[in-house]
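Heads up, the thing below is written out as structure tokens.
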Amino acid sequence: GQQVMQIPQYQHVQEGEDFTTYCNSSTTLSNIQWYKQRPGGHPVFLIQLVKSGEVKKQKRLTFQFGEAKKNSSLHITATQTTDVGTYFCAALGAGGTSYGKLTFGQGTILTVHP
Amino acid sequence: NAGVTQTPKFQVLKTGQSMTLQCAQDMNHEYMSWYRQDPGMGLRLIHYSVGAGITDQGEVPNGYNVSRSTTEDFPLRLLSAAPSQTSVYFCASSPTGLDYTFGSGTRLTVV
């Protein structure tokens, strides 16, 4: 089945430092999504990337989809304590035809020290 | 809109007991899914549905049943609870099968 590998598993940063998490697949993805889960909370949809090489920004967050559509990254510039949480990437099932069957990466737990 | 509502929020079961985790959404979403979340394992798909009357298995379906008799409801049944089913369970829904709205979760402990 579809597998999505996400690294690193943990990241500790000082407030103001940058942060990046990476998502990789052995197969071509039809799209990829990113979610954020605050401690004790539930995942919240952030964004979806569909096109090869696509780059999207949300304030300090930059999302990128690789040219081969096999990898993606989330970069946060100048982290703040409000960025604390777990960031997940997620992709559709094999072939991109299994709509609804979303596979999540293991997530990156971000800790920000003030 | 209430969004995705999960009940109960917390539950303790004894090994061998059965129970149903409830999930309801009021957004008329066709797609609904159940995930379990365990430390270091991310979110693993248990079962999902692409519309009323249609369900399919995810990555970890053993020990769980689902049904989708209405668009709004997607209950998850634990047939005979085992300690390995101790987890946080999330229900989620989507209009497109792509961008999901999650419920607040059910924290289940099986002793």
Side-chain angles (χ1 to χ4, degrees), chain A residues 1-11 21-25 29-51 54 56 58 63 65 72 85-109, chain B residues 2-7 9-10 21 23 25 27 29-61 66 68 71 74 87-107:
Chain A
Q2 181 72 51
Q3 285 198 341
V4 177
M5 305 302 295
Q6 192 173 352
I7 56 171
Q9 187 174 0
Y10 301 95
Q11 186 74 58
T21 175
Y22 301 90
C23 199
N24 297 291
S25 170
L29 304 171
S30 59
N31 71 28
I32 196 155
Q33 303 167 36
W34 287 91
Y35 290 77
K36 176 184 179 181
Q37 183 178 25
R38 294 183 185 276
H42 58 274
V44 175
F45 174 79
L46 293 177
I47 208 159
Q48 176 180 257
L49 304 172
V50 178
K51 299 176 183 177
E54 189 170 16
K56 288 188 176 180
Q58 290 180 350
F63 305 84
F65 204 5
S72 181
T86 303
Y87 293 84
F88 293 99
C89 61
L92 286 179
T97 58
S98 300
Y99 274 79
K101 193 173 184 180
L102 213 56
T103 299
F104 280 76
Q106 298 92 329
T108 297
I109 300 172
Chain B
V4 179
T5 302
Q6 288 185 242
T7 56
K9 293 190 183 303
F10 301 92
L21 306 186
C23 177
Q25 53 92 7
M27 298 173 283
H29 288 173
E30 290 295 328
Y31 297 85
M32 297 187 74
S33 295
W34 275 102
Y35 290 88
R36 61 177 289 173
Q37 185 172 32
D38 304 292
M41 303 291 288
L43 293 151
R44 292 184 292 170
L45 182 64
I46 305 171
H47 286 284
Y48 69 106
S49 170
V50 300
I54 307 170
T55 64
D56 204 349
Q57 296 181 351
E59 180 185 356
V60 288
V66 292
R68 186 95 181 271
T71 299
F74 191 41
S87 188
V88 180
Y89 291 84
F90 287 103
C91 178
S93 74
S94 168
T96 62
L98 297 175
D99 52 331
Y100 275 87
T101 299
F102 280 76
S104 57
T106 294
R107 187 172 296 273

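Just so it is clear: chains get the letters A, B, ... in the order the sequence lines come, proteins before strands, and each one is counted from 1.
- Contacts of S33(B) with chain A are made by side-chain atoms alone, with heavy-atom separations under 4.5 Å and no backbone atom involved.
- A donor-acceptor contact closer than 3.5 angstrom links the side chains of W34(A) and S72(A).
- Of the atoms belonging to Q57(B), it is backbone heavy atoms, and not side-chain ones, that fall under 4.5 Å from chain A.
- Here the two rings, on Y48(B) and F74(B), have centers that are 6.0 Å apart or farther.
- If you measure heavy-atom distances from Q6(A) to chain B, you find no contacts under 4.5 Å at all.
- Note: Y89(B) and Y35(B) fail the aromatic proximity criterion, with ring centroids not under 6.0 Å apart.
- Contacts between Q37(B) and chain A at a heavy-atom distance below 4.5 Å involve the side chain alone, from C-beta outward.
- Only the side chain of L45(B) comes within less than 4.5 Å of a heavy atom in chain A; its backbone stays farther off.
- Counting heavy-atom pairs under 4.5 Å between each of F45(A), Y10(A), Y35(A) and chain B puts Y35(A) at the top.
- Between the side chains of Q48(A) and N31(A), at least one donor-acceptor pair of N or O atoms lies under 3.5 Å.
- T103(A) approaches V4(A) most closely through the heavy-atom pair O-CG2, 4.3 Å.
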